[in-house]
Amino acid sequence: MSERDGRTTRAATSLDRAARTESVDSATEVFVAHRNLLFTVAYEMLGSAADAEDVVQEAWLRWVGVDPATVREKRAYLVRIVTRQALDRMRALGRRKESYVGPWLPEPLLTAPDVAEDVELADSVSMAMLLVLETLTPVERAVFVLREVFDLAYDEIAGAVGRSPVAVRQLAYRARAHVAARRPRGTASPAEARAALQAFRRAVETGELQSLLDVLAPDVVALSDGGGVRHALLRPVVGADKVSRLLAGGWWKLGGERSVEPVQINGGPGLLIRVDGEIDGVLAVRVETGWVTGAYHVRNPEKLSRVTRETTVSRA
């Protein structure tokens, strides 16, 4: 090879390397711009922040090998990758839930106060809604989340779940009807949410139950998740009288010095509970038209890593 040919080859190699670097930089910029959206899609499909993070990482490894210039609808393309990875992950997660000790609750997220201002987003990530989504099949859940929360077109959803647009429409109709029959129906004003949270806080801190009884719905449901690691209820407790007696009987009577901090959990009111300065659990409260209809108490240490720093959730 002549010296001139060698220079030409090295120049071509440098240009190729620069082009690849530019492509990776462009891919990174696009991915970062959509990362919060992708995490939210995965989390709403899985109910597990740890698994959602794994799915987002897997999506990045696939995306970085794609030239963004060849993708016309980048948001839809990335959502499609995440959806497929989440569907695969749901099968493994389902097997873990089958052997789970006691009720399984979604992994709680500490969210920013502005999440509650987006009513649709707050409802979609709430503990109550995520538990309703657990009653759908994996594909129904994917279709419902993508259509009802993120407003994807049926054709885009079809590509993500591997079904025809006609089948996706049927799945969406069935999922909407299923969720509508089970989802929480009312909303709460900020004042109502604060009042309910204050009542729970007094009950936890002092054992004073009257103010709590004043806000408990007759059919309130209490669930707790210890994952077989910490003491928790092994089955749901239903009814204001039973839930109040449960509180009076020692649900919160833990050894050590307790402190309770009001926080936003999954877009709604919640309490972060510490014992001797260490996080012991999170209580998320569902409030509908002034009444507490659900109390979700998570104590499993493996599910508490996201309650000390805010997690950004997004539909954009």
Side-chain angles (χ1 to χ4, degrees), residues 27 30-66 71 73-98 100 104-109 111 115 120-121 123-165 167-168 171-172 174-176 178-179 266-267 302-303 305-306 311-316:
V30 170
F31 194 86
V32 169
H34 292 90
R35 193 187 190 288
N36 292 332
L37 163 73
L38 301 177
F39 172 84
T40 308
V41 170
Y43 177 72
E44 293 198 18
M45 287 183 61
L46 299 168
S48 165
D51 286 286
E53 285 288 4
D54 287 345
V55 164
V56 171
Q57 181 61 28
E58 291 164 359
W60 161 249
L61 294 176
R62 283 160 174 75
W63 170 248
V64 76
V66 175
V71 180
E73 297 292 340
K74 296 176 178 59
R75 177 181 184 267
Y77 188 92
L78 286 167
V79 169
R80 184 161 65 245
I81 296 174
V82 163
T83 300
R84 289 172 177 172
Q85 295 302 313
L87 283 170
D88 289 341
R89 183 62 63 105
M90 287 173 79
R91 298 182 181 94
L93 191 57
R95 290 191 292 270
R96 295 209 304 266
K97 290 174 185 176
E98 289 175 1
Y100 201 78
W104 181 94
L105 290 177
E107 184 176 349
L109 304 177
T111 51
V115 172
E120 290 186 14
L121 177 62
D123 180 65
S124 71
V125 298
S126 69
M127 286 284 194
M129 177 55 78
L130 292 175
L131 287 173
V132 171
L133 295 182
E134 285 291 314
T135 63
L136 296 171
T137 68
V139 175
E140 285 175 343
R141 183 168 184 168
V143 170
F144 181 87
V145 167
L146 296 179
R147 181 62 182 172
E148 300 301 313
V149 181
F150 298 99
D151 198 30
L152 263 67
Y154 289 114
D155 288 351
E156 294 174 328
I157 299 172
V161 301
R163 303 292 178 91
S164 70
V168 166
L171 286 164
R174 189 161 61 240
R176 276 196 299 269
H178 183 94
V179 171
N266 288 59
E302 293 183 358
K303 294 186 176 183
S305 64
R306 290 277 183 153
T311 296
T312 302
V313 292
S314 173
R315 292 191 296 159

Checking the side chain of [X] only, and the main-chain atoms of [Y] only, is there a donor and an acceptor separated by less than 3.5 Å?
{"X": "R141", "Y": "M45", "value": "yes"}
{"X": "E107", "Y": "A50", "value": "yes"}
{"X": "K74", "Y": "H34", "value": "no"}
{"X": "T111", "Y": "G267", "value": "yes"}

Taking atom [atom1] of [X] and atom [atom2] of [Y], what is their separation to the nearest 0.5 Å?
{"X": "F39", "Y": "E53", "atom1": "CZ", "atom2": "CD", "result": "5.0 Å"}
{"X": "L46", "Y": "R89", "atom1": "CG", "atom2": "CZ", "result": "7.5 Å"}
{"X": "K303", "Y": "L109", "atom1": "NZ", "atom2": "CG", "result": "12.0 Å"}
{"X": "I157", "Y": "R163", "atom1": "CD1", "atom2": "CZ", "result": "13.0 Å"}
{"X": "R306", "Y": "S48", "atom1": "CZ", "atom2": "OG", "result": "9.5 Å"}
{"X": "R315", "Y": "L121", "atom1": "CZ", "atom2": "CG", "result": "6.0 Å"}

* Evaluate the criterion side-chain contact (heavy atoms from CB on, under 4.5 Å) for residue pair T311 and Y43; output intermediate values, then yes/no. => CA-CA 11 Å; T311 296; Y43 177 72; over 6 Å; no
* Does E156 pair with R147 as a salt bridge, N-O distance under 4.0 Å? -> no
* To do: Could you walk me through whether T135 and E140 pass the side-chain contact (heavy atoms from CB on, under 4.5 Å) test, one step at a time?
  => CA-CA 10 Å; T135 63; E140 285 175 343; over 6 Å; no
Exercise: identify the closest heavy-atom pair between [X] and [Y]:
{"X": "A142", "Y": "V161", "value": "CB-CG1, 4.0 Å"}
{"X": "V56", "Y": "F31", "value": "O-CZ, 3.5 Å"}
{"X": "P138", "Y": "L87", "value": "O-CD2, 3.6 Å"}
{"X": "R75", "Y": "F150", "value": "NH2-O, 3.6 Å"}
{"X": "L130", "Y": "S124", "value": "CD2-O, 3.9 Å"}
{"X": "M127", "Y": "P106", "value": "CE-O, 3.4 Å"}

If you define the side chain from C-beta out and look only at heavy atoms, does anything of [X] sit under 4.5 Å from [Y]?
{"X": "E120", "Y": "V149", "answer": "no"}
{"X": "R84", "Y": "R62", "answer": "no"}
{"X": "L38", "Y": "V79", "answer": "yes"}

* Could you give me the CA-CA distance, side-chain angles and deciding distance for V30 and Y77, then say whether side-chain contact (heavy atoms from CB on, under 4.5 Å) is met? => CA-CA 11 Å; V30 170; Y77 188 92; over 6 Å; no
* Could you walk me through whether L37 and L78 pass the side-chain contact (heavy atoms from CB on, under 4.5 Å) check? -> CA-CA 10 Å; L37 163 73; L78 286 167; over 6 Å; no
* To do: Please check if atom CD in E134 has more than 12 non-hydrogen atoms from other residues, nucleotides or ligands closer than 6.0 Å.
  => yes
